[in-house]
Amino acid sequence: MSTRPGITIIGSGFAGLGMAIKLKEAGYHDFVILEKAADIGGTWRDNTYPGCACDVPSHMYSFSFELNPGWSRMFSPQTEIRDYMRACVAKYGLAPHFRFGTEVVGLEYDDAAGHWRVSTGDGGTFTTNAVVSGIGALHVPSLPEIPGRESFRGPSFHSAEWDHSVDLTGKRVAVIGTGASAVQFVPRIARQVSRLHLFQRTPPWIQSKPDFPISPRMRKALALPGAARALRNSIYWALETRALGFTIDPRLMKPHQTMALRHLATQVPDPELRAKLTPDYTIGCKRILISNDYYPALNRDNVEVITDGTAEIRENSIIDSTGREIEVDVIVYGTGFKVTDALNEQRIVGRHGRKIQEAWQDGIEAYYGITTAGFPNLFFLLGPNTGLGHNSVVFMIESQVRYVIDCLRLLSRTGARALDVRPEVQREFNDRLQSRLHDLVWNEGGCRSWYLDEHGVNRTVWPGFTFEYWARTRKMRPEAYELIH
């Protein structure tokens, strides 16, 4: 393997694998994939909590060029998704390109040489012409700032770092947080524990999950020519219609809200509990969750939903905001991830010694979420404002991968060493994007969510349809970039 690879990919989730596969297909074989862990998978390697599964139908949450007619369910479990990713590595011959146990701790652009110096956690460095960051947004666990959190004597862990050595059977367990992960693992552990105290800050909007096992007969039918593609296309357009309320007018979210309220009323007969679980914000402002077994789990006699907040954690208990002390044996944090500050914390130095923190001092931004002015030949996959609330991010990744390949081809054609998006182009794009986001559902009624940064600006979600993003990134515009020779 080259000690000075032409292209360096960081991360081995869907983004990193998709980039690597398409690089090979385009004739670029001089690349490495750096992975800090000992195996591939990203999100689908790290999250192994009970009930972990995708909340986008599997036939859509997969590569369009590598359809899998053999998914066991409409919404596949974590192990099956990871197996699919491993099969992609084997089929496309990616194994020789991996460097496992290699954490990237710094990137520095050399103006004179026109290349990047990559620093790794083991003290090593090497140079590379281009860097593709495929680290994604949902990988740095966020733990709440609760006084005394470190003093708790029992086991405590984040859902993304599930401690499988801890047997929850018969234990008094506190779950802090009610996001997408908690909605999946709470029903599983509620059956095991003696008491489950669920600390809920904000109730999520939850719709029923159209999940079902796919019979061997149906899998056989999907293996017929064109069948899996037809199913994928129908799922894509069904999901895309959900974007109407996101991208056009929040009032169009009303049918979704009606469906969610009906789901809640059907599954939670107790009016007092139902009131606790009814959100007071417009649906879609935060991530809409899907589940058929979360609400029934909260009806159990051994489960208590606490909305008073956590004031303090002590050695063997949690004090809520009313002063009540609740003794617990284990704490599980379902408190999500650091999203808007995950990229901002990286050590990246661009042209003329400018740090990424300086470039993003007013908030993280990029041109189509892919390139940032002052950082030549550095490409982000699932970068700022390319997340979704309605469809599959794998679709977005494929659009971005195609765009990066287009950029690399421009360099090959022109003989330039690097390209750098023009600051005025990036500025105009982001001003337009934020103007569009301002009147949409994510800013409704002062809504707060992990989509927003500390200034209340949405740095996470794409404000349009995914086919619109696909069309806009289908061909890169050479005039948007400065070529560095």
Side-chain angles (χ1 to χ4, degrees), residues 11-13 35-55 76-86 100-103 121-122 135-136 138-200 291 293-294 297-298 300 302-304 306 310 312-319 325-338 342:
S12 68
E35 173 52 63
K36 65 181 178 181
D39 199 358
I40 69 152
T43 295
W44 302 105
R45 174 196 61 238
D46 296 342
N47 287 268
T48 61
Y49 58 80
C52 183
C54 193
D55 57 6
S76 294
Q78 171 259 342
T79 50
E80 210 169 315
I81 297 168
R82 198 168 170 200
D83 286 346
Y84 168 82
M85 297 171 85
R86 284 177 173 149
F100 290 111
T102 305
E103 182 177 11
D122 57 7
I135 62 172
L138 304 179
H139 69 105
V140 182
S142 175
L143 290 168
E145 297 296 326
I146 302 171
R149 181 165 57 82
E150 301 294 333
S151 67
F152 186 70
R153 284 189 170 179
S156 65
F157 48 86
H158 191 278
S159 61
E161 298 167 335
W162 196 274
D163 188 344
H164 292 277
S165 70
V166 178
D167 183 4
L168 300 180
T169 306
K171 298 284 201 308
R172 298 167 298 178
V173 177
V175 172
I176 298 176
T178 55
S181 300
V183 162
Q184 292 186 340
F185 72 73
V186 162
R188 299 297 183 96
I189 68 171
R191 302 193 292 257
Q192 288 179 268
V193 303
S194 63
R195 290 288 297 166
L196 195 154
H197 304 279
L198 179 64
F199 287 85
Q200 172 191 275
S291 176
D293 53 7
Y294 178 69
L298 305 189
R300 294 175 62 96
N302 67 328
V303 175
E304 176 191 17
I306 301 166
T310 48
E312 182 190 352
I313 295 177
R314 295 182 181 169
E315 290 183 355
N316 302 297
S317 62
I318 297 177
I319 311 297
E325 183 170 12
I326 301 156
E327 292 193 356
V328 295
D329 304 307
V330 181
I331 300 176
V332 181
Y333 295 99
T335 43
F337 300 87
K338 295 180 179 179

Taking S317 for its side chain and R314 for its backbone only, find out whether a donor-acceptor pair lies under 3.5 Å. no
Please check if the side chain of S194 supplies one atom and the backbone of G170 the other of a donor-acceptor pair under 3.5 Å. yes
List the atom of [X], the atom of [Y], and the distance in Å for their closest heavy-atom pair.
| X | Y | value |
| --- | --- | --- |
| I81 | S76 | CD1-O, 3.7 Å |
| K171 | V193 | O-CB, 3.3 Å |
| Y294 | L198 | OH-CD2, 3.3 Å |
| N302 | A190 | ND2-O, 3.0 Å |
| R188 | Q184 | CG-O, 3.8 Å |
| S159 | F185 | CB-CE2, 3.6 Å |

[X] side, atom [atom1]; [Y] side, atom [atom2] - distance, nearest 0.5 Å:
| X | Y | atom1 | atom2 | answer |
| --- | --- | --- | --- | --- |
| R86 | T79 | CZ | OG1 | 9.5 Å |
| Q78 | D46 | CD | CG | 9.5 Å |
| E312 | S151 | CD | OG | 7.5 Å |
| I319 | I326 | CD1 | CD1 | 8.0 Å |
| R191 | T169 | CZ | OG1 | 11.5 Å |
| L196 | R300 | CG | CZ | 9.5 Å |

What residue among T335, I176, I331 forms side chain to side chain contact (heavy atoms under 4.5 Å, CB included) with F199? I176
My understanding is that only one of V173, T178, L298 makes a side chain to side chain contact (heavy atoms under 4.5 Å, CB included) with V186; could you say which? L298
Salt bridge (Lys or Arg N to Asp or Glu O under 4.0 Å) against E315, all qualifying residues, sequence neighbours excluded: R153
Residues two or more places apart in sequence or in another chain: which of them pass salt bridge (Lys or Arg N to Asp or Glu O under 4.0 Å) with R149? none
Residues which pass side-chain contact (heavy atoms from CB on, under 4.5 Å) with T102, listed by chain and number, not counting sequence neighbours: L34, R99, T120
When you compare the side chain of [Y] with that of [X], does any pair of heavy atoms fall below 4.5 Å?
| X | Y | result |
| --- | --- | --- |
| L143 | H158 | yes |
| H197 | I318 | no |
| E35 | R45 | yes |
| Q192 | D167 | yes |

Mind telling me whether Y49 and W162 have parallel, tilted or perpendicular rings, with 30° and 60° as the class edges? tilted
So, for Y84 and W44, is the gap between ring centers shorter than 6.0 Å? no
